[in-house]
**Student:** 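Mind looking over this structure? Questions follow.
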Amino acid sequence: MKKHLLLYFLCIILLCGCSHSSAKSTVPPSDQQKFDTYTRQYFDEQMKSNGLNLHFYLKNTNAYPDADMTLGTYSYDSMKTSQNFWIEQIKQLKQINPAKLSKKRRLTYDVLLDYFQRKLDFSDVCICTEDLSPTLGIQAQLPVIFSEYEFSSAKDIIQYFSLLKSIGPYYDGICQFQREKARQQCFIGKSTCGRIIAQCQAFLNGKAISSNLLSTSFSHRISHCDFLSSKEKEQYTKQNNQIIKDTVFPAYETLIHTLTDLMEDGSCKNENGLYYLKKGKAYYEYLVQDYTGCNKSIPEIKAEIQNTLLADIQTLQKLLQNHPELETKMAQALPETSAPQIMKELQSKISRDFPAMNSLPFQLKYVDAPLQKFLSPAFYISPPLDDPDNHVIYINPGKKENLYTLLAHEGIPGHMYQNAFFSKTNPNPIRFLLECGGYSEGWALYTELFSYSYQLKDPNLAKLFQINARFSLALYCLCDIGIHYEGWTRKDLEKFLRTYQLSDRKISDQMFQAVLEDPANYLKYYVGYLEIINLQKTMQKTLGKDFSLKEFHRDLLTIGPAGFTVLQKWMLPQK
């Protein structure tokens, strides 16, 4: 999970139109000047519209004294009219001739236009959106995001308190939307609803302020504020705890009560996927394109996943036939070492396959105990644009995963490395506001699988682990499509899994629930990965012996996060 995934949810739901007026001049501005003005004003509007966005994208916030220090407003009405905003952005871009822009500006133009066009359909299907979920929901991620809010001055602390106080009205908006979903018979199922309630209760943890993440993390951060006296630190700590007691806890209790009431009054009518909701199938189509950045239809995506899965099974069979000892080796425990040692080793080993980069400073943190059951195995939080070395990686001790590949995914050469490399190309800041999940998660998965070759000395064993990981993700993706696009029930999923010799009912139920809670999430990873592999194969075929894997990686990293149509345009030779 990258930091701006949550921030996207917080600000994008109520985007207000920007008035991109040009400065008065007797000479008409050039297309390049118009584009620079547009992107600067778009960035400024987004920074001013949401205090959490502002603080996490910029360490120095002095340029935005009039920024709204709230989480914004969560509103169904704004969702329904969001298309107007995106149409206006496209209209603004269309007034600029991309042929008259510099190469770098032209790339940014293409990325923006592609991104805006993907958003157009959201307003028609927004009743099906669900920003609450046990793992990736706003209510699950927000405490962690707040715990990473840094204090460089007393003003930062005051603004933090303003944001913390706004959780109440923001969650009220979420609750109102949940009631509207129930009214339109688009409310979540009982199993998912119950798990969201359980996650909220885990966060409250008996309303023990002294052990709550928002209290412990605040105390830790403020203890390092040398610009404060001991008395001021004590006063601010008391104020923070009072806000948690008076605002944050009641907001989570309101959320719990709303969901409980809706569950008890029979609003949980659909225990299956989006397919069974009015507009659910259309929403899923929108979601897949938006999450993956891929313009292929869902049947096309499904066919590609099936073909890749079949090829992996055939490769696996040949590998085990030629090297039967691998089955025993795979059952043995993977080599273990500490996180700092792993990161140091990855930094050294990737140099033969990826562009060189200086050692990246980072903080390694661990998920708070009450939240471990619900949050992801690991996630990366990117630094502010004006403080590019402040990288943070969270590890969840409650989830038993291969730490080596986990750190490759979140750190080097995954999210942290990709973000740092792209930052050093000095891109237009607007690029960092665009969530391109297929690119970012596809790259992280690509590097995670790649890292098995660094972790394991036996190349055949590394290949076996790679295939096993791809096999699992492919199954999840096919289940995702089956449940949300084709209407599979739990029994349908059980039948499907039996064709792959998976007959454990417990595993089937876990997979169904995971896919149910976060539609299209697995596709963001696996389809993004497949698109990167497709790009690589096309480049190899085109360049032949001149192809360089390291240069392919360099090109992909330099272009940066984008939809795959844009990546193909900018990476592949044009006819």
**Student:** Could you tell me how the ring of Tyr284 sits relative to the ring of Tyr485: parallel (under 30°), tilted (30 to 60°) or perpendicular (over 60°)?
**Tutor:** tilted
**Student:** Okay, side chain of Lys365, backbone of Ile393: is any donor-acceptor separation there less than 3.5 Å?
**Tutor:** no
**Student:** My understanding is that only residues two or more places apart in sequence, or in another chain, count here; which of them pass side chain to side chain contact (heavy atoms under 4.5 Å, CB included) with Gln83?
**Tutor:** Ile87, Leu120, Ser123, Asp124
**Student:** Using side-chain heavy atoms (C-beta onward) and a distance below 4.5 Å, is Lys104 in contact with Asn428?
**Tutor:** no
**Student:** Could you tell me which residues satisfy salt bridge (charged side-chain N to carboxylate O under 4.0 Å, His left out) with Asp156, sequence neighbours excluded, listed by chain and number?
**Tutor:** none
**Student:** For Leu54 and Ala67, work out which heavy atoms get closest and say how close.
**Tutor:** CD2-CB, 3.5 Å
**Student:** For Lys91, does the NZ atom sit with more than 12 other heavy atoms under 6.0 Å from it, leaving out its own atoms?
**Tutor:** no
**Student:** Roughly how far, to the nearest 0.5 Å, is the OG atom of Ser451 from the CD1 atom of Ile350?
**Tutor:** 11.0 Å
**Student:** Identify the two heavy atoms, one from Thr292 and one from Leu523, that lie closest to each other, and give their separation to 0.1 Å.
**Tutor:** CG2-O, 3.7 Å
**Student:** Quick check: closest heavy atoms across Phe35 and Leu101, and the distance to 0.1 Å?
**Tutor:** CB-CD2, 3.9 Å
**Student:** Is the backbone of Thr73 close enough, under 3.5 Å, to the side chain of Tyr170 for a donor and an acceptor to pair up by distance?
**Tutor:** no
**Student:** Donor-acceptor check, side chain of His484 to backbone of Leu274, threshold 3.5 angstrom: yes or no?
**Tutor:** yes
**Student:** Quick one: list whatever passes ring pair (Phe, Tyr, Trp, His ring centres under 6.0 Å) with Tyr171, sequence neighbours left out.
**Tutor:** Tyr252
**Student:** Would you call the rings of Tyr394 and Phe379 parallel, tilted or perpendicular, taking 30° and 60° as the class edges?
**Tutor:** parallel
**Student:** For the CD atom on Gln176, are there more than 12 heavy atoms of other groups (residues, nucleotides or ligands in this structure) within a distance under 6.0 Å?
**Tutor:** no
**Student:** Heavy-atom distance under 4.5 Å between the side chains of Met571 and Thr538, does that happen here?
**Tutor:** no
**Student:** Hey, would you say the Phe422 and Phe432 ring centroids sit under 6.0 Å apart?
**Tutor:** yes
**Student:** Using 0.5 Å steps for rounding, measure from the OG1 atom of Thr425 to the CZ atom of Arg554.
**Tutor:** 12.5 Å
**Student:** Without swapping roles, check the side chain of Asp131 against the backbone of Gly137 for a donor-acceptor pair under 3.5 Å.
**Tutor:** no
**Student:** Has the side chain of Gln466 got a donor or acceptor atom that lies under 3.5 Å from a matching backbone atom of Leu449?
**Tutor:** yes
**Student:** The criterion is ring pair (Phe, Tyr, Trp, His ring centres under 6.0 Å); which residues satisfy it with Tyr526, sequence neighbours excluded?
**Tutor:** none
**Student:** A side-chain contact here means heavy atoms from C-beta on lying under 4.5 Å apart; do Ile301 and Glu304 qualify?
**Tutor:** no
**Student:** Counting only heavy atoms from other residues, nucleotides and ligands, does the tally under 6.0 Å from CG of Asn62 exceed 12?
**Tutor:** yes
**Student:** Who pairs with Asp121 by salt bridge (charged side-chain N to carboxylate O under 4.0 Å, His left out), at least two apart in sequence or on another chain?
**Tutor:** none
**Student:** Return the minimal non-hydrogen interatomic distance between Gln363 and Asn390, and the atom names on each side.
**Tutor:** NE2-OD1, 3.2 Å
**Student:** Look at the side chain of Gln185 and the backbone N and O of Lys181, then say whether any donor-acceptor pair between them is shorter than 3.5 Å.
**Tutor:** no
**Student:** Indicate yes or no: at least one non-hydrogen side-chain atom of Leu567 is less than 4.5 angstrom from one of Leu572.
**Tutor:** no
**Student:** Closest approach of Glu130 and Tyr283, non-hydrogen atoms and distance?
**Tutor:** N-OH, 4.2 Å
**Student:** Please report the interatomic distance CG(Leu556) to CD(Gln536), rounded to the nearest 0.5 Å.
**Tutor:** 9.5 Å
**Student:** Take Arg105 and Asp31, measure what salt bridge (Lys or Arg N to Asp or Glu O under 4.0 Å) needs, and give me the verdict at the end.
**Tutor:** CA-CA 10 Å; Arg105 288 182 179 89; Asp31 284 88; over 6 Å; no
**Student:** Please confirm whether Lys48 makes a cation-pi placement over Tyr64, using NZ or CZ under 6.0 Å from the six-membered ring centre and within 45° of the ring normal.
**Tutor:** no
**Student:** Examine distances only and state if a side-chain atom of Lys550 and a backbone atom of Ser351 form a donor-acceptor pair shorter than 3.5 Å.
**Tutor:** yes
**Student:** Would you please name every residue forming a salt bridge (charged side-chain N to carboxylate O under 4.0 Å, His left out) with Arg118, sequence neighbours left out?
**Tutor:** Asp114
**Student:** For Trp443 and His553, take the angle between the two ring planes, folded into 0 to 90°, and tell me which bin it lands in: parallel under 30, tilted 30 to 60, perpendicular over 60.
**Tutor:** perpendicular
**Student:** Among residues at least two apart in sequence or on other chains, which ones pass side chain to side chain contact (heavy atoms under 4.5 Å, CB included) with Thr81?
**Tutor:** Asn84
**Student:** What salt bridge (Lys or Arg N to Asp or Glu O under 4.0 Å) pairs are there with at least one residue in residues 49-76, not counting sequence neighbours?
**Tutor:** Lys59-Asp387
**Student:** Using atom types as modelled and distance alone, determine if a side-chain donor or acceptor of Glu180 lies under 3.5 Å from a backbone N or O of Cys175.
**Tutor:** no
**Student:** Check ring pair (Phe, Tyr, Trp, His ring centres under 6.0 Å) between Tyr522 and all other residues, then give those that pass, not counting sequence neighbours.
**Tutor:** Tyr476
**Student:** Between Ser440 and Glu435, is there a side-chain heavy-atom distance shorter than 4.5 Å?
**Tutor:** yes
**Student:** Ignoring hydrogens and angles, tell me if any N or O in the side chain of Thr192 forms a donor-acceptor pair with the backbone of Gly189 under 3.5 Å.
**Tutor:** no
**Student:** With sequence neighbours left out, write down each residue that passes ring pair (Phe, Tyr, Trp, His ring centres under 6.0 Å) with Phe421, or none if nothing qualifies.
**Tutor:** none
**Student:** Only counting residues at least two apart or in another chain, list the ones meeting salt bridge (charged side-chain N to carboxylate O under 4.0 Å, His left out) with Arg179.
**Tutor:** none
**Student:** So, Ser376 side chain and Ala378 main chain: donor-acceptor pair closer than 3.5 Å or not?
**Tutor:** no
**Student:** Measuring only between side-chain heavy atoms, which start at C-beta, is Phe362 closer than 4.5 Å to Glu410?
**Tutor:** no
**Student:** Considering residues, nucleotides and ligands other than Lys424, do more than 12 of their heavy atoms fall under 6.0 Å from its NZ?
**Tutor:** no
**Student:** Could you walk me through whether Tyr529 and Tyr439 pass the ring-ring contact (aromatic ring centres under 6.0 Å, His included) test, one step at a time?
**Tutor:** CA-CA 8 Å; Tyr529 163 78; Tyr439 174 97; over 10 Å; no
**Student:** Once you measure the plane-to-plane angle for Phe450 and Phe354, does it fall in the parallel (<30°), tilted (30-60°) or perpendicular (>60°) bin?
**Tutor:** perpendicular
**Student:** Check the angle between the aromatic planes of Phe146 and Tyr149 and answer parallel, tilted or perpendicular using the 30° and 60° thresholds.
**Tutor:** parallel
**Student:** Please work out which of the three classes, parallel, tilted or perpendicular, describes the rings of Phe177 and Tyr74, given edges at 30° and 60°.
**Tutor:** tilted
**Student:** For residues 555-566, which residue pairs qualify under side-chain hydrogen bond (donor to acceptor under 3.5 Å, both in side chains), counting only residues two or more places apart or in two chains?
**Tutor:** Asn295-Thr565
**Student:** Looking only at heavy atoms, what is the nearest atom pair of Gln139 and Ser133, with distance?
**Tutor:** NE2-O, 2.7 Å
